[in-house]
Structures are given as C-alpha cells and as structure tokens.
Amino acid sequence: LDFLVFKWRKKMGKYFLTFILIVPKLCQGFFVGPSTYFLNYAKLDSSWSQRILAHTFQATKSSESGEDHDEEFVRQLASAALIETGMFDDKYPTSADGWASCNIVVKKELTPEKQLKKYLRKHGKDACVDRKRLADLVLGVTVWQLRYHYVLSNGNLDNIYHFQNVSKVVRQIVDLHADRIDKMNGTSFVKWPDNAIDALTIEFSLPRFLSKILIKQYGEERSRHIAANSNKPGPITIRRNFVVTRNYTEYEFIEEIEKDYCGLCKRVSKICGCYRLERETSRGKSIWSMDTWKRGFFEVQDLGSQLILKSLEIQDVVDKVGISGLCIVDYCAGNGGKSLGILSQIYEHASIFIDNVPSVPKVYAHDVDSLRLKQLLGSMNRTGIPKDIIEAVCTDRLTEKSGILASFPSNLSAGVVLVDAPCSSSGVLRRRPSQRWMMDEHDILSTLPKLQLTILENASKLVCSGGILVYSTCSILPSENEDVANAFEELPNFKKNWERWEFDESEWTSLGRTSGSKNYRIILPNDFHECDGFFIARWRKRIE
C-alpha cells in the first residue's frame, strides 16, 4: 500500500481520500503510517491531503503515535509559516563586529502575525491542528529567534548568522522553542556574552541598539526587568464601556462578562474601569465572538492605555470649562480606541446628566489613515453610539462622502486635545512580536522625534483658553518622550501661552513614576498590575 501511495499519489489521491474516510473505524491506526508517508510527498497546502491526516488522527487520537504525529504536523506548519516571512533569507555578517550593527529584517507586508492568520484560516479547522500551539510556536520563535541563533552557533558570535540550509535551521529553532514551552530543556546552559549590551541583546533577543539605549537610560538591572517583561505574553484586559453599561451595577457587569466568557472577570484597579479576563483552559469563545463584546459592553484595552485616558481628567475639565459646547480632540486616533474611552468616561460621571439625559460634548477622532478610522465607524455601529457625537476626521486625501470629514470645522476650539503620537512601540513589544525587528535606530533617534514634535505643535493650536493638552506614546525611550516634551517647552511663546499641568502625587504615586518633570509620567512594562509601557506629558493653556 505504501508503494502504491508513493507511485500514484497525484493520480489516485482522490480515490485514496475516499478509501481512507470509509474504513478508518474498522482499522484504527492501520492507516496512520501510509497516510503520513503519503503526506511527505504531498504539498503542504493541499487541503484534501490535510483532511486525510485530520480524519486519521481523529480516528486514532487516543493512540500515542497519533499524538506524536499531531505535534509533528503543527511544527511543520510553524516552520513553513516562518520560512515564508523571509526573516531567515537575508545574508548576515559572520563576524562579531558585523553582527553588532546588524538586525533581523521583518517585512511589514509579510509579518509572522500575518502569516499566522493565513495558516490558521487554512488549517485551523483541521482536527490535527492545535491553534494555540501553532500560535505559540510562530510568535514565540519570532520573539526569541536571536537567542536561538546564538544557541545553535554554540555561543560563537562569529557564526551567529552563518547558515545555509534555511529550512533546517528554522525547524531546529522551532524545536528549541517547543521544548522550552514544554520545559523539556532550556538554554540556560549557554554562557551569555560578557559585555552587558551583548548579553541583554542575546539573552532576551533584542535589537542591539535597543539594548544599548535601555542600559544607558535605565541601567543594567532595570533593563533586564524591562526586557523580561517585554517577552512575556500580556494579560487580557478590557475597559468597561459606560455608554452601554451605565445602568449596570459592577456585580451585574461582571456577571454578564463571566457568563459569556466562561471564565473569570476581575477588577484590576479602582482607579479606572479596567478588568482582567482569565480562564484555565484555552478552549472557549474568543474575545471577538463574545456576545457582550458585540453588544458593546467592553473594549479590549491595556491598563496602561487606560491610564492615558485617566490623565485627561475629563471630570476636572468639565468642572472648570463647563459641559456646554465642550469639544474634545483625539488627534492621532488610529482605530478610535481612546475616542471611545473618552466618551465612556463622559458617560461614567453622573454630574453631566441633566434629567437623566446626557449633555455630551463633541469628540473629534482625527487620523491621517482613513482605513483605521473606518474601524472606528464600525465600532460605533456595534456599540450604538450616535454618529453626531463622535466625528471622524481624516486630513489626508479624503472627502466627506465616506462618512469621514476631510478637515476640522473652522475656528475649532477644543477643551481637551490628546496626542497619542505614532512611535516605536517599544513599550508594547509583548503585544507585537515582530515589532522589535522592524524598529530602526535612525527612526527612533531622529525621524520619529521630529514627526512627533510637529504633530504636537500642530495639535496644540486647537486648544482653547484654559484647555488641556496631553502628549502620550507607547514608547519607553527618552528620544520619543522626554526629549520631545522638552523640545515643545522650548518653543517660542511656550511660557506665555502654556503652563505645566503637574500630576497629583497623592493619586499617582503607584501609577508609574515622575520622569524629569512633575508633569511627565513614565510607566514601564509591568510597573502597575502587569500593564504595558507608556509615557504621558500634559500642559494647560493659560487663560487669556
């Protein structure tokens, strides 16, 4: 039978499929060998051949050999997905001096995350594919690959990238990571480089220039803490949406979420409406298939990101400026997560309700990417938010025909302007596995800071007298944070028009730390309830 399968694998494939689907119950385990042999010669993306293997394993899933083949197949898929990204194709220097200035290359159009989605769509429903295991292997290798390169080179920096058989190396790296997940063995036996920068780079699989910046800014010990937390999967945290759940008690809200999620929903902090979702098994509904999410009960958002919303202190602004005619601008809105959060904060405070009818200020969500703003419009439809409350504004090649304004209204004067600027994302690396390999030293030290300052300066022109301006990033690097904020304060007429809006230490003591000035706040990864890393700076415009 093995010989016939080999000789007629293409011509007789469909007949073999029919045959093996009819008799496996009668001969459990008999066809595991032949069908696996068959697949070794069949194309990996052949859907009908995958169904053969899936059915075979389902019939013999109780057998130990079937489980081995199941794991083997998932590792093959992970290897194939990683090879297709092209990360392992580039020719790297083969000397210590060369590798120090080198970086792994990830193409934005072919990231491991995109490849994983592609493979999950194609193979995720096969009985022999463990979706979580496949994701762990693809994304884990993406994060830790530099460390594994070093292990495979036996700790020799001269040969760290020196390989010719790409598929063999990728498979070895996948096996190393799989064993590490299963705790069968580790890489602790390898001696890390003596140089602190090289050691941090190799042990935690970081771009070398990033290790250098971190150690210079935070010191060796804290940098190791940052790097370790940047490589751990982050918790699932959600923000309660008070637009929909204002009339629910906290107990009722939690009960609805736990019933839908089939797990636990825990309040992270009383400081903001942040909750963590937990469950013992990976089986169950995904976040995006939950009925409560579809009904707008919550949005997925990290605690650190929610602290940026808290720093706006909307209630304080309402008390000082008044609710009537108040306008709020989310200047770099992206897909609108913070715009929705701002509106939720407004609904949370009962003092802005008159006869139980909300007096809601206008929120403008601005971005130069119209595709991301369309996601905001979709979220508004899902949550039932009226379109006249949040207006999407795209000042880049777009007209109002798409439901998005092409410009701000003339003479716009905003009481609150949030600038969540584009950045290196160095504080959220655990959320974006391939991001570390797409970072560029020149961008971080020069290009991005110039862009960020320009954006901040333009956004500041929208703030009304007595209004507030908040600058934030999901970066923990000084060139994008303190340096940009300092440059803004050094602009002409800053002292005449602006004053620093300092954080209340009695309220923010446990929330990050002061960074150079009392109106600056840096939140490092895992600083507060396992949150991501962020930076916040804020100012108030002087009353004319």
Side-chain angles (χ1 to χ4, degrees), residues 308-309 311-313 317 321 326-334 338-339 342 363-369 372-373 391-398 405-427 442-503 515-522 534-544:
I308 293 176
L309 296 176
S311 72
L312 300 176
E313 298 190 21
V317 175
V321 179
L326 178 61
C327 174
I328 301 173
V329 174
D330 183 3
Y331 197 76
C332 301
K338 291 185 176 63
S339 299
I342 290 170
V363 178
Y364 288 95
H366 168 268
D367 204 274
V368 294
D369 188 343
R372 301 194 70 186
L373 287 174
E391 290 278 10
V393 181
C394 181
T395 53
D396 186 37
R397 70 180 186 283
L398 200 71
L405 298 177
S407 63
F408 287 108
S410 59
N411 301 320
L412 175 67
S413 185
V416 179
V417 174
L418 169 63
V419 181
D420 189 30
C423 65
S424 65
S425 302
S426 56
H442 182 264
D443 285 347
I444 290 174
L445 297 179
S446 179
T447 306
L448 279 171
K450 290 178 182 177
L451 174 63
Q452 290 158 344
L453 180 59
T454 300
I455 292 173
L456 180 59
E457 189 175 1
N458 290 337
S460 68
K461 298 174 183 177
L462 301 175
V463 183
C464 70
S465 177
I468 63 169
L469 174 65
V470 174
Y471 171 76
S472 66
T473 71
C474 56
S475 172
I476 55 174
L477 306 180
S479 60
E480 302 176 90
N481 297 335
E482 295 91 344
D483 292 354
V484 174
N486 290 338
F488 177 71
E489 293 188 353
E490 292 171 2
L491 291 174
N493 297 323
F494 171 82
K495 292 183 178 180
K496 177 182 177 181
N497 298 323
W498 298 91
E499 61 182 0
R500 292 175 174 177
W501 185 23
E502 298 180 355
F503 288 92
S515 182
S517 175
K518 291 184 178 180
N519 63 318
Y520 299 171
R521 208 78 185 171
I522 186 75
F534 290 89
F535 173 81
I536 309 170
R538 59 186 196 176
W539 303 270
R540 189 187 299 276
K541 195 166 187 179
R542 297 184 187 275
I543 299 176
E544 298 175 355

Side chain to side chain contact (heavy atoms under 4.5 Å, CB included) between L456 and L469: does it pass, once the steps are laid out? CA-CA 9 Å; L456 180 59; L469 174 65; 3.8 Å; yes
Student check: side-chain heavy atoms of [X] and [Y] closer than 4.5 Å:
| X | Y | answer |
| --- | --- | --- |
| L309 | I342 | yes |
| R521 | F534 | no |
| L462 | Y364 | no |
| K461 | N458 | yes |
| S460 | V417 | no |
| I476 | F535 | no |

For I468, run the side chain to side chain contact (heavy atoms under 4.5 Å, CB included) check against L418, V416, I328, V463 and tell me which one passes. V416
Quick check against the 3.5 Å criterion: does [X] have a side-chain atom that pairs as donor or acceptor with the backbone of [Y]?
| X | Y | value |
| --- | --- | --- |
| S339 | D330 | no |
| E457 | F488 | no |
| R372 | A333 | no |
| R540 | W501 | no |

Rounded distance (nearest 0.5 Å) linking atom [atom1] of [X] with atom [atom2] of [Y]:
| X | Y | atom1 | atom2 | answer |
| --- | --- | --- | --- | --- |
| L448 | C423 | CG | SG | 7.5 Å |
| S472 | N481 | OG | CG | 9.5 Å |
| L373 | C394 | CG | SG | 5.5 Å |

Which atom of [X] lies closest to which atom of [Y], heavy atoms considered:
| X | Y | value |
| --- | --- | --- |
| S311 | I536 | OG-CG2, 3.6 Å |
| C327 | S413 | CB-O, 3.8 Å |
| G466 | I543 | CA-CG1, 3.9 Å |
| G415 | C464 | CA-SG, 3.6 Å |
| H366 | Y331 | ND1-O, 2.6 Å |
| C332 | D367 | C-OD2, 3.7 Å |

Determine, step by step, whether T473 and V484 satisfy the side chain to side chain contact (heavy atoms under 4.5 Å, CB included) criterion, reporting the C-alpha distance in whole Å, the side-chain angles of both residues, the deciding distance to 0.1 Å, and the verdict. CA-CA 11 Å; T473 71; V484 174; over 6 Å; no
Hey, are S424 and D443 close enough side-chain-wise for a donor-acceptor pair under 3.5 Å?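 There is no such pair (donor and acceptor under 3.5 Å, judged by atom type) between the side chains of D443 and S424.
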How about S407 and T395: does a side-chain donor come under 3.5 Å of a side-chain acceptor? no
Parallel, tilted or perpendicular: ring planes of W539 versus Y520, cut at 30 and 60 degrees: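 Correct class here is perpendicular.
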Taking only residues two or more places apart in sequence or in another chain, which ones pass side-chain hydrogen bond (donor to acceptor under 3.5 Å, both in side chains) with N497? none
Show every salt bridge (Lys or Arg N to Asp or Glu O under 4.0 Å) that has at least one partner inside residues 470-490, sequence neighbours left out. E489-R500
